[in-house]
Structure formats: C-alpha cells, structure tokens
Asks: 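Have a look at this one before I ask anything.
In the text below, chain A, chain B and the rest are named by the order of the sequence lines, each starting its count at 1. Just so it is clear, the values below take in all heavy atoms, side chains as well, and ignore hydrogens, waters and symmetry mates.
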Amino acid sequence: MLPIPQPLWGQWLPGERLYASGATEVYALTRAQGTARSCVVKCVRIPAGRPELLEAAREQCRVQQRMADSGHAVQILDDCVLPDGGGTLVLLRMERLDCLQELLRQGAGFSDGEILQLAKDLLQALVFAARMNVVHRDIKPANIYRTPSGVYQLGDFGIASRADAPAPFTGGTAAYLAPETAGGKPADARSDLYALGVVLYQLLNGGFLPLTDGASSYTDIEHTISARLRGRKLPPLRRGCRALRRAVMRACEPDPRRRWQSAAQMLRALTQPERPVWPAVLACGACLAAGLLAGRLLPGRTPAQPPSSAQEPSAAAGMPQEPAAEHRYEFVAQALSWDEARIWCEARGGHLAVVTSAEESEQIKTLLAEHGASAAWLGANKLNAANGFQWVTGEPFSYAEWGPGEPNNTNNAEHYLMVMDTAPQGYVWNDSRLNGMEMFAGTVCGFLCEWEAPAP
Amino acid sequence: MNEAFPTAVIRDAAERAESAQALLEVLRQYDGAFLRWPETFRSLMEQSGMSYVRLAARSGLSRNTLSRWCAGSAAPRSRESYVRLGFGFAMTSAQTSRLLVRCGGYPALYARDLFDAACIFLLDRGGASYDAAEALYARCLRHLDPSADPPPQLATDQADAQIRSLLTEEAFEAYVRAHTADFGRPRAQLRAFVRQRLEALGCDPATGRIRSVHGCFADGAVAARFEKDVSLLLRHGTVLRRQRLLSLGVQLGLSLPELDTFLTLAGMEPLCARNRVECTLIYALQQLSLLHPELELARAVRLQAVVRDPDAARQLRDLAERYLRGCYRTEPDGCESAADYLRALLAELSPEDADELARLLG
C-alpha cells in the first residue's frame, strides 16, 4: 500500500495496484465524494542521494505537461513530491485510459479506420513534439493510450530528450528501435517515426511484429528483430488503405534518409485525399475483358483471376503470372528465411509453392527464368524426419527433381526445400538450412507463392 | 532490461569494491541493469504479440494468472509455470533453461530427468505443448526399470546433445529404453560435493574423526532447518530453489569460487551480478577471503581430511601451505564465518537490500 497521506489532493483515495515495474507503481484512484472521471496515480520512488533522478522525473512532468496541449499526449492532472523514508516519492495523477498494449493482450481487434485514426493522432503528437524539439525515443504499444472518446494519446516521456541534447544512454525497446539508433547513432524525429511505423505495421499484421505470426518460435522472433536492426526491409503490407500502407512502409525504411523526414510530412501523406485510380481501373477492365474473351474462346481453361485486394501483389514482387488450370504462382524477390517466406505467403491467403507434376515444375522454372532468379524456396520441409519431405498443403510428395547428390542433409540441418539454378542442370531441387537463402545474397533470389484459383 | 552493462562488468565492480560504501555505489550505478520479472515477462509478451487468450491456450496457464504477472502484482512460483511459459512462447530448450535459471531461480532442464528430457526433446522439435510433454513422459515411464542399477552410459551434456538430435517421438522412446541407467542417479557430482562439505564441517581436526552427515545438524554446525533440504538432495538429487541453495552455501561456509561450482553442479549459472542480493554476496565473499584468510585456511584443512580425489587433496594442501607460509594478518572484528560477515554488512545496506540478504541468512 502507498505510504502517503490519504486522501490525495484532498479528495482522491488510492485503490488497487494496476501496475508495478522497478521503481514505478500505478494505483487506481477513486474520488472520496461522488463519482467523477476515473483516474490513476503513478508513483515513482527516488532513492536517497539521487538528485539527478528527481530532476529527470520533474523534466518528464514538464515535457508531458507541455505536450498535453497537443491533445494527443497523456495529461498530468496533479503532481506532488513527498518524502519516502530517506528518499522521495513523486506522485502524478492522470486520467485512467486504455493502454494499447493491454488491448492487444486482451485480443482486441482494430479496424483499418481505427488504425488510421491512431496513426493520425500520434503523428499530431509528434508534430507538436518536433515543434518543442523533443524526441520521445520509446514509442511502443505500452506507451500508447486510448481515451474513452476514442482518441489516441502518447504517454510515458520517461526517456524523452531534447533533440539537440546528447543521448543519455541507449534506451528504448529493441522491437521498436530504429536500426540507426541500435547502431549507436543518436535518436531523432525519424527514429520516432520508425517506431510508430513498426507499431502500425504490427496492428495491420494482426498484432504480431513484422515478419512474425502466431506460429513463430521465440528464436524466429529474436532473429527477425535482429534482422530488422541490421537493416532488413519489411515485406509489403496487404491490409489497410493504400495511403496508410505506403505511409507505414516508408516509415519502416531501414535507411533514415529514405524514411519520412518529419511527422508533418507523413501526416500530410495520410490526410491528403488519394489520387484517382481511373487509369488503373480502365487497365484492369481491359485485362478482365480480354481474359473473359480468352476464357470463352479456349474452353477448359480458367481465365486469369485477378488477385483479391488482400492478395494484390506488389510492384516489387513482380506481376502475377499466367495461371495453370487451378494455380497462380508468384515469385517474390526477397531473401527471407523459409519460415518468414511461409508467413509472407500465408498472410496473403496463399502458401509457398507446391509442385506435384512435371507441368507445374516447368511452369515455375519458366517463371524463375523470367526473373533471372538464382534460387527460391518451395513449400516443403522435413521437420518430421520419419515422413521425409512433406508439402505444406499435405499433398503427397510424389514428384521431385532433386539435383545430383541431393538431398544430402548436410550437418543434419537441411530440412527445407529450395529450387536453385545450377550450371549444367538448370533449375534443380536442393535441401537447405532455414536461412539457406543467405548463400545467394547479391543475386536475385526469394521464394515462390501459390494461390488456389477460385472455383469457376 | 538495460543491456548496456555486461554482467561480467558488474561482477568485476562488485569484486573490486573495498568497502560497504563502494558496494552501495556499485548497486546505485547499475540499478537499471538488475533483472526484474515483470519487465522480462512484459518484454516477452510484447515481442510475441500474443494475446492472453492465445498464450493461455498454448501454455495451459490461466488468463488471469498471465495478466497478474504482466501487471507485476505476482510472479510465477513453481518450476512447472516457467516450463509452461517456455512451451507457450515456443522457446527452445536452451531458452527455457535460461528462463528457469535467470527468472525462476530453478535448475536448468536436466537431460537425466525423464520429464525434463521429454521437455528438451519437444521444445527443440517445436510446435508441441506442455500437455504433450506430460503425455510423452507418461508413455516413457514404463520403459524405466527402477530395480536396474548399472552405471550411467552418458555424461549429462552428451545425453542432452543426443536428445536434441532425436527427430521423432518413437526415437525418443527408443533412447529412453536404451539409456534407462542414465535416468537413475541424478546429480551425483552435486551430491558428492555437498556430502564432502558436510563431512568437512563435522570433522574434528584434532582427531580426524568424521561424524555422520546428520550429526552436523544435531550439533548445530549447520542450521537444523536445512536438514530436510539436504536429505532430499542427497537421497533423491532434488535441487533446491536458487535462493535456498545460496543460503545453504553460506551455511556451509563456501568461498566465492566454491559457491560458483556449487551452483553450476546444481544446473544453474554462477553467482549473477545482475541480481542485487547476489551482487552483495559476491562483494561479501570476496572481502571475507581478503580480510579473513584464516577461515579459508580452516576450511582447506578440514576438507583435506574428507576429499578422496587426489588432485583436489593436493590443491587443498597447497592452499593450506600457502596460507601458513604467508602468515596473513586477520582483521580483529570477531568474524567467525561467512554468515557472521554478512550479518555485519546488513546494517550498512538499504532496508530493501538488507531484508533480502537477511532472508538469505535465515
């Protein structure tokens, strides 16, 4: 229980403890008389002989008070400093809000409109912070709050600093840290935008960090975070409106020079009306008409199915290929691990490509040759060694085009199927490590996704 | 957690501290680097992106329990909870062991315990649940023959490596059938270590007579509250939780390197400077060996009478001779044991640190 006189500020009674972490605790507050707005009190214990910590807590209050004018930062309603044994207790009264991290943990879903709203609200907070020359340095779901009226606010300016001040220490949370900050460079407004980009990407990715999903192992998550900190680009998003997707992808650029240069710039991109897409619609219409005509002229063949909006291929990933009877393949030129590639495809309603006949094999070889690809993942693994290689779809693994001496399972670690270009044989199959695509760095390599065409 | 300071740097600073004031400065300087459960758990939740419902389903823990841990109002108590979290977060066996050791204060997964072996196998293969580990354990239990008593075939690290290389449950069951003896005598080295230290404490240096292990508890050489724990350890190889183990180590009068060895044999990491109490213990034991060499000398003389390993006996003889020749000066502060020295230190620590250390001393 709190070692403080009660009631606080004349009328507030501390209740249950909601949160505790290190020197910080948060308690619910109820009003001694009447039921007004619901509040919390944040208590920060400062040990004796640490005047710099007390000063840091006061600076946090000052920054947050000024930021509250933006309407998108959590407001401190009351504060006081009390003696606590030999040390000091700093008390801050704030409105009780829903924490985004807690909402995610409770399994709350967010519509595209809500995510866009969150992006705009936090960008307004960051525009205001830029005017005050403040960098937050720890934007993450745990520091984002939702008011009862649905407005999103930025909170916890515990490690915020002036943009022109030297960084006090390498703080922040690894999963949301910009690559340049992880590399030791001082944080600036662009690193806050990267962190916000990752938060938005996470929300558009079902609550999971980029390149992960519910089936990712702890090791996979650690690898993807360190890969991002080393500068790996993220696969394109498939959810959300086009403006939001483009804004998020640019915010998540590993190179800060290619990112939005300011929150105001990103906010403008989100608030401007989208450009008309009539030329694209007309082009699509023409393609569809041609496809339908071909379908009528060539009975037995299913016309090309344009992908649904959730499966729309990106320009970077290449155009969808002419389909066989029931499949559509796509080559994605990104050197991901096999598991990341699997997630990429499954997140878009498809799966890594499955090859069960010579006809399908020829089709993917043609596709790879068109892209000049040196290697690509296919959708089979032998994680269950007793059954040998298994296709991700569960179809029988009855057709194969192994290269000479393959599969050889070098070091007992090659459990994933890859197709690779070898000089005399052309494209052959090879068993490879989870990160086997790293061997082809510097060449065109990636993976093949497959979508089942809808029934005619 | 602040990773800016490697643990070795903090340990070095604690070992070099020359006074309680210098220790307090170390604790103050590295305050942000000490391990705390709520932060660790929240960071795991943040990275996994899992909801309480999903993690609860994968780990078999209740949703309310998980939210209490996240809020910092409670922490897992049982070893089982940590192993369940390992399955819930889809960790490997090595990652789960780190969670057990660093956050829970429990020994790492142990390849010569059948249930732990099942967990090692399933965690490294991926995609399995805690319930699957229990089911596999139940299936394998019938392969063990309690009456058989052949010597173990594999060292623990070899057994660990073999289990990790298995790919199917059938292969795991075949391994259990083939290595029944390996599951029969857990923690033999740890038991020998403890038995020798107890015998050394009970040894009369004048006559060289060694009392029984339990004689040590009867005459108060070791506090009676440890008798049950020691009995469980010596009879069944059951390892205590880290804090209790440290407490026993202090009672046994172990030196800093000996306490590290004791922890390692128990499947834990050596004293970790990222823990405030252990950081204090590192300082205290280092100071004790510098200020009171006579305690280490007495321990070496007593141990010589009970060790059977010729190399260990020679090292102890060398140590004793070095002390006797060196004629080290002893601080006249009436300190007769590590516990005495730690009690004297309590008055100089902050109330929180002193409370934790007092709990360690019992």
Asks: If you count heavy-atom pairs under 4.5 Å with chain A, which of B/Met50, B/Met91, B/Arg58 comes out on top?
Replies: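 When all of B/Met50, B/Met91, B/Arg58 are compared, B/Met91 has the most.
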
Asks: Counting only heavy atoms from other residues, nucleotides and ligands, does the tally under 6.0 Å from CD of A/Glu55 exceed 12?
Replies: yes

Asks: Rounded to the nearest 0.5 Å, what separates atom OG in B/Ser73 from atom OH in A/Tyr19?
Replies: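 Taking OG in B/Ser73 and OH in A/Tyr19, the distance rounds to 12.0 Å.
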
Asks: Do other residues, nucleotides or ligands put more than 12 heavy atoms under 6.0 Å from A/His223 NE2?
Replies: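 No, not enclosed.
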
Asks: Out of A/Leu104, A/Leu18, A/Thr212, return the one with the most heavy atom pairs under 4.5 angstrom to chain B.
Replies: A/Leu18

Asks: Check B/Ala90 against A/Ser216 and note the closest heavy-atom contact, atom names and distance.
Replies: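 In this case the closest contact between B/Ala90 and A/Ser216 is CB-O, 4.0 Å.
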
Asks: Counting only heavy atoms closer than 4.5 Å, note whether B/Leu44 contacts chain A via side chain, backbone, both or neither.
Replies: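 The answer is the side chain of B/Leu44.
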
Asks: Do A/Tyr218 and B/Thr96 come close enough that some side-chain heavy atom pair is under 4.5 Å?
Replies: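 Contact flag for A/Tyr218/B/Thr96 side chains = no.
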
Asks: For B/Glu46, which atoms come within 4.5 Å of any heavy atom of chain A: side chain, backbone, both, or neither?
Replies: both

Asks: Against chain B, label A/Ile225 side chain, backbone, both or neither, depending on which of its atoms sit under 4.5 Å from a heavy atom there.
Replies: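 Answer is side chain: those atoms of A/Ile225 sit under 4.5 Å from chain B.
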
Asks: Report yes if some heavy atom in the side chain of A/Arg105 is under 4.5 Å from a heavy atom in the side chain of B/Arg42; otherwise report no.
Replies: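 Side-chain contact under 4.5 Å: yes.
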
Asks: By a 4.5 Å heavy-atom criterion (distance strictly below it), what part of B/Gln47 contacts chain A: side chain, backbone, both, or neither?
Replies: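 Both parts, heavy atoms under 4.5 Å.
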
Asks: Step through the shown structure and confirm whether more than 12 heavy atoms of other residues, nucleotides or ligands are within 6.0 Å of CZ on B/Arg177.
Replies: yes

Asks: What residue, out of A/Ser217, A/Ala142, A/Ala215, has the most heavy-atom pairs lying under 4.5 Å from chain B?
Replies: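 Of the candidates given, the most pairs with chain B belong to A/Ser217.
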
Asks: In terms of heavy-atom proximity below 4.5 Å to chain B, should A/Glu222 be classed as side chain, backbone, both, or neither?
Replies: side chain

Asks: Sort B/Thr168 into side chain, backbone, both or neither according to what part of it lies under 4.5 angstrom from a heavy atom of chain A.
Replies: side chain

Asks: Give, as side chain, backbone, both or neither, the part of A/Ile221 having an atom under 4.5 angstrom from any heavy atom of chain B.
Replies: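 When you check distances to chain B, only side chain atoms of A/Ile221 fall under 4.5 Å.
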
Asks: Quick one: closest heavy-atom pair of A/Glu102 and B/Tyr52, and the distance?
Replies: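 Shortest heavy-atom separation between A/Glu102 and B/Tyr52 comes out as OE2-OH, 2.9 Å.
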
Asks: Between A/Thr219 and chain B, with a heavy-atom cut-off of 4.5 Å, which part of the residue counts as in contact: side chain, backbone, both or neither?
Replies: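 Its backbone and side chain both get close to chain B.
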
